[in-house]
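Remarks on the structure that follows.
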Amino acid sequence: MTKTTLTIMLSLLTLCVFSQEQNQKVRIDSIEKTFNYEHGIINLKNGVGKISVPKGFKYLNAIQAERVLIDLWGNPKIDNITLGLLLPENQGILSENGYVFNIQYDEIGFVKDDDADDIDYDDLLTKIQEETIEENKTRKKEGYETITIVGWAAKPFYDKDRKILHWAKEIKFGNNQINTLNYNIRILGRKGVVVLNAIATEKELPLVQKDISKVLDIVKFNDGYEYKDFDSSIDEVAAWTIGGLVAGKVLTKVGLFAIIAKFGKLIILGLLGFFGAFKTKIKKLFSKNKKNETETESITEHLDETSTE
């Protein structure tokens with residue numbers, strides 16, 4: 001390969017990468033402009049309560065949030081996937097760095113909190129990790145990535161006065177180099193729990209921890225749905241306790257983990273598409289003789305390896 005040819009190839013590579021980055025930025029900006037955010041008091045569509053969007057945050061309603069989770073982030077469509085998304089004011093849905101809280105309501109019944117003071121969370125973590133190893137056998141058979149519970153990113157804490165439980169797990173999916181942050185908040189009510197799950201990677205843990213106090217009190221149940229309104233003569237008691245909420249069923253096919261997505265997904269996909277297009281250009285450039293064709297195959301094989309990493 002001559003120096004001139006190599007220079008041309010590298011120039012094309014630089015030009016195409018720059019063009020691709022610009023195109024992706026335009027595409028992301030155009031998508032972001034389609035969203036309409038809200039502030040103030042938001043009535044949850046299921047009628048159980050409302051949220052007060054804290055200062056420095058914005059809310060994306062359930063219809064738009066479902067579009068994000070399913071159409072943009074590639075999650076399967078399931079019932080009650082979201083009641084909306086809460087995210088920092090200065091951050092977009094497709095920002096490369098940052099986090100969002102997905103809001104849900106799980107009508108599992110009245111959760112008794114009698115066990116809250118007696119839970120050994122280190123022992124509970126060990127049990128969760130052991131169960132995960134066993135259930136990964138099923139996940140592999142069904143074609144899903146294995147899950148490793150690395151440990152507590154934030155140890156479980158239950159505020160008995162406010163009836164708020166929160167904790168965070170650090171999780172590794174398959175062989176992914178970046179671990180996932182699974183930050184959970186549960187606000188207990190009469191008939192179930194409001195769920196706030198932070199969608200982020202482990203590196204965003206400091207951001208979430210910095211803001212967690214701002215979102216703990218944003219939920220207010222409507223009259224008749226508060227924890228204190230429980231009537232043992234007519235209300236169902238949940239099979240879950242405080243310890244059960246933390247342990248949960250972490251390995252469901254869809255579940256909360258499938259909701260977690262990389263914020264740079266569109267950029268990554270775009271770059272992979274670029275490598276495919278650039279590979280074609282190289283083939284045309286070097287198709288004049290057999291020798292160059294051989295060099296081309298070597299280069300394109302390298303690009304194939306790069307684009308799948």
Side-chain angles (χ1 to χ4, degrees), residues 37-66 68-69 77-87 100-117 119 154 156-168 182-199 208 211-250 252 254-256 259:
Y37 295 99
E38 300 176 52
H39 300 83
I41 306 298
I42 308 296
N43 291 306
L44 298 177
K45 70 175 186 179
N46 57 6
V48 301
K50 55 183 70 71
I51 64 169
S52 299
V53 179
K55 184 178 179 180
F57 285 80
K58 56 189 176 184
Y59 168 81
L60 194 67
N61 67 30
I63 294 174
Q64 296 178 91
E66 186 169 306
V68 171
L69 295 174
K77 184 176 176 62
I78 59 172
D79 293 336
N80 304 316
I81 190 172
T82 185
L83 290 175
L85 297 176
L86 187 71
L87 63 158
V100 304
F101 276 104
N102 184 40
I103 305 168
Q104 296 169 290
Y105 178 69
D106 196 352
E107 195 166 340
I108 56 176
F110 179 80
V111 178
K112 289 188 174 182
D113 60 0
D114 303 345
D115 66 331
D117 297 329
I119 303 170
F157 175 78
Y158 179 59
D159 187 325
K160 203 160 190 175
D161 294 329
R162 296 190 292 173
K163 307 302 179 186
I164 299 174
L165 171 68
H166 55 99
W167 75 96
N182 177 222
Y183 210 116
N184 298 265
I185 301 173
R186 302 288 185 272
I187 302 99
L188 279 59
R190 175 183 177 180
K191 297 179 180 293
V193 296
V194 172
V195 178
L196 299 177
N197 282 331
I199 303 174
V208 179
D211 292 339
I212 200 71
S213 61
K214 301 175 185 176
V215 302
L216 288 178
D217 292 317
I218 66 172
V219 176
K220 179 173 176 53
F221 286 102
N222 289 334
D223 292 343
Y225 285 94
E226 294 184 65
Y227 194 84
K228 64 182 179 60
D229 296 324
F230 173 70
D231 185 339
S232 59
S233 65
I234 59 174
D235 292 333
E236 290 186 17
V237 175
W240 307 87
T241 59
I242 296 299
L245 289 178
V246 175
K249 263 297 181 185
V250 300
T252 51
V254 181
L256 58 94
I259 294 173

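Any value given below was found using the heavy atoms of this structure, including those in side chains, with hydrogens, waters and symmetry copies removed. In this text the structure is predicted, and so the values were computed from the model without any measurement.
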(request) Determine the minimum heavy-atom distance between Gly224 and Asp229, stating which atoms define it. (result) N-OD2, 3.1 Å
(request) Mark yes when over 12 heavy atoms from residues, nucleotides or ligands other than Lys58 sit less than 6.0 Å from its NZ; otherwise mark no. (result) yes
(message) Minimum heavy-atom separation for Ile164 and Leu216, please, with both atom names.
(response) CD1-O, 3.1 Å
(message) To the nearest 0.5 Å, what is the distance between CG on Leu85 and CG on Leu196?
(response) 11.0 Å
(request) Look at the rings of Phe221 and Tyr105 and say which category their plane angle falls in: under 30° parallel, 30 to 60° tilted, over 60° perpendicular. (result) perpendicular
(message) For a 4.5 angstrom cut-off between non-hydrogen side-chain atoms, does Leu245 reach Ile108?
(response) yes
(message) List the residues meeting side-chain contact (heavy atoms from CB on, under 4.5 Å) with Asp211, not counting sequence neighbours, and say none if there are none.
(response) Phe57, Tyr99, Lys214
(message) Taking the side chain as everything from C-beta on, heavy atoms only, tell me whether Asp235 gets closer than 4.5 Å to Lys191.
(response) yes
(request) With rounding to the nearest 0.5 Å, note down the distance linking CD1 in Ile81 to CG in Leu69. (result) 5.0 Å
(request) Taking all heavy atoms of Trp240 and all of Val111, pick out the closest pair and write down the distance. (result) O-CG1, 3.6 Å
(message) Return the CG to CZ distance between Asp223 and Arg190, rounded to the nearest 0.5 Å.
(response) 11.5 Å
(request) With side-chain contact (heavy atoms from CB on, under 4.5 Å) as the test, would you mind laying out the steps for Asn182 and Asn184 before giving the verdict? (result) CA-CA 6 Å; Asn182 177 222; Asn184 298 265; 3.2 Å; yes
(message) Ala62: which residues meet the side-chain contact (heavy atoms from CB on, under 4.5 Å) condition with it, sequence neighbours left out?
(response) Lys45
(message) Let me confirm one number: the CG-CD1 distance from Leu86 to Ile218, rounded to the nearest 0.5 Å.
(response) 5.0 Å
(request) State, to 0.1 Å, how close Asn222 and Gly47 come at their nearest heavy-atom pair, and which atoms those are. (result) ND2-O, 2.8 Å
(request) Please say whether more than 12 non-hydrogen atoms of neighbouring residues, nucleotides or ligands are located less than 6.0 Å from CG in Asp115. (result) yes
(request) Decide yes or no for Lys160 and Asp117: does some side-chain heavy atom of the first lie under 4.5 Å from some side-chain heavy atom of the second? (result) yes
(message) Could you report the tightest heavy-atom contact between Gly84 and Ala65, atom names first, then the distance?
(response) CA-CB, 3.8 Å
(message) What's the separation between atom CG in Leu188 and atom CZ in Arg162, rounded to the nearest 0.5 Å?
(response) 13.0 Å
(message) Given Ile185, which partner from the list Ile212, Asn197, Val195, Val193 fulfils the side chain to side chain contact (heavy atoms under 4.5 Å, CB included) test?
(response) Ile212
(message) My understanding is that only residues two or more places apart in sequence, or in another chain, count here; which of them pass side-chain contact (heavy atoms from CB on, under 4.5 Å) with Glu38?
(response) Ile42, Tyr59, Asn61
(request) Evaluate whether atom NZ of Lys50 has more than 12 neighbouring non-hydrogen atoms of other residues, nucleotides or ligands under 6.0 angstrom away. (result) yes
(message) Which heavy atom of Tyr227 sits nearest to which heavy atom of Gly189, and what is that distance?
(response) CD1-O, 3.7 Å
(request) Enter the distance from Tyr158:OH to Lys163:NZ here, rounded to the nearest 0.5 Å. (result) 4.0 Å
